[in-house]
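Numbering of ligands and ligand atoms starts at 1, following listing order.
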Amino acid sequence: MHKILTLSVLLAATPVAAAPPSDEVGFGVVEGLTTEVGQRLAGTDAEARARDWGLRRLKALGFANVHIETFDMPVWVRGAESAEIVAPYPQKLVLTALGNSGATPESGLTAEVVGFASLAALEAAPEAAVRGKIVFVTHRMTATQDGSSYGYFGAIRRNGPSIASRKGAAAILIRSIGTDHHRVAHTGVQNWSGGAQPIPAAALSVPDAEQIERILDLDRKLTIHLVLTPRMTGMHQSGNVVAEVPGRDAAAGLVLIGGHLDSWDLGTGAIDDAAGLGVTTAAAKRMLDGPTPRRTIRLVWFGAEEFGGFGGEAYAKAHARERHAIVGESDFGGDRVWSFKTTLADPKSSLVGRLESALAPLGIGHDSGPAHGGTDVEPTAAALGTAIIDLEQDGTRYFDIHHTADDTIDKIDRAQFGQAIDAWTAMLRVVANSPEAIDPVTRKGGE
Ligand SMILES: [Zn+2]
């Protein structure tokens with residue numbers, strides 16, 4: 001006990017970071033976007049209002065070269081959504097349409113349900129078992145600190161609807177790709193592939209999916225009435241909001257950071273991804289208020305990430321001729337950073353050593369695995385062969401909230417959010433000022 005006390009006294013006395021203790025800039029971004037704009041579905045007027053809000057806020061914070069870069073994208077909007085079990089046990093269900101879902105007739109459709117325990121089971125099913133039915137696919141995703149289970153289980157959402165459609169299903173319902181047991185459904189994008197025609201596609205809340213599983217386990221014929229009336233509205237404008245912390249040495253290349261401005265339309269997009277914008281903006285603001293860095297830091301609030309990374313693609317296209325030294329993105333909620341990864345050429349280089357020294361006092365260890373970036377910065381890294389840095393946030397509770405009506409500002413833990421800002425600031429101080437060139441280990445086509 002005595003030893004532990006001594007250690008905590010020592011830790012408390014150690015200056016963890018020279019940055020100001022307040023995260024008012026970062027939290028102000030989250031508060032402003034979620035309160036003054038609200039949901040920000042890609043390509044809609046709400047997302048345009050968010051760009052205008054961002055332009056004003058970033059100018060007011062004193063950033064340089066603040067502007068909007070627009071692009072066009074096909075826009076999907078949600079309609080009515082409801083479902084109920086008709087037989088054998090009539091009751092209402094909680095669900096939400098997946099992005100790019102097709103629609104039922106306005107009066108809905110009624111069909112028998114065929115259940116599958118996995119995507120592989122659906123893939124293996126003969127067409128005759130699926131044709132004309134409502135496909136239901138379930139899974140057992142659980143929470144992980146690094147969020148890696150999302151990649152595997154998320155395939156049910158990404159690919160399940162196309163597979164069901166190609167087999168002639170009338171509609172598809174999946175168990176939400178989420179780790180909570182609240183009666184809220186998790187939306188998310190899927191794209192019709194391999195010639196699949198759009199069919200109604202929705203996610204049931206986890207408790208409702210488990211209800212369906214129980215009824216199917218009784219071997220009773222299960223019939224559901226489903227109403228989903230989303231629609232494609234044609235091409236509309238989206239855009240990226242760009243701001244800079246000017247550096248001293250233009251030839252040294254840019255440090256590109258940011259997150260995404262658009263959100264799903266169920267909550268107010270607090271953890272996904274106003275938090276990422278708040279974290280990166282607050283860290284950039286600290287750099288702006290400090291000594292001029294060697295490299296220019298470019299902060300981008302990317303548009304239309306959720307529907308497939310239109311903003312990241314547009315940015316890569318528009319800025320392919322500019323030298324980028326390193327890219328990084330914050331799109332994994334507002335919780336603390338616990339490890340970092342890079343694609344830097346030499347893991348034993350002094351640059352990596354300086355990153356380790358800067359981040360270790362915040363409890364952040366170096367993970368030797370390669371960084372992957374994120375949807376917004378990957379196209380730039382791929383096109384230019386730019387180095388990537390990932391500051392890995394704790395994802396233990398991320399998929400409880402992700403893409404649900406529960407994604408609201410009260411879910412932000414201010415202490416963890418502040419630590420993430422400290423981490424990004426510490427990282428920027430190192431990479432924006434490093435005297436050496438920053439070289440990635442992998443280049444385009446070289447992986
Ligand atoms: Zn996101």
Exercise for the section: Tell me yes or no: between the side chains of Ser205 and Asp208, is some donor less than 3.5 Å from an acceptor? Expected result: yes
[X], [atom1]: over 12 other non-hydrogen atoms inside 6.0 angstrom:
X      : atom1 : answer
Asp45  : CG    : no
Arg183 : CZ    : yes
Glu436 : CD    : yes

Practice task
Using a cut-off of 2.8 Å, find all protein N, O or S atoms closer to the Zn ion (ligand 1) than that distance.
Solution key: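 Listed by chain and number: His260 NE2, Asp272 OD1, Asp331 OD1, Asp331 OD2.
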Problem - Glu322 side chain to His324 backbone, donor-acceptor under 3.5 Å - result: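 Judged by distance alone, no pair lies under 3.5 Å.
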Exercise for the section: Quick one: closest heavy-atom pair of Thr268 and Arg40, and the distance? Expected result: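 Of all heavy-atom pairs spanning Thr268 and Arg40, the closest is O-NH1, 2.9 Å.
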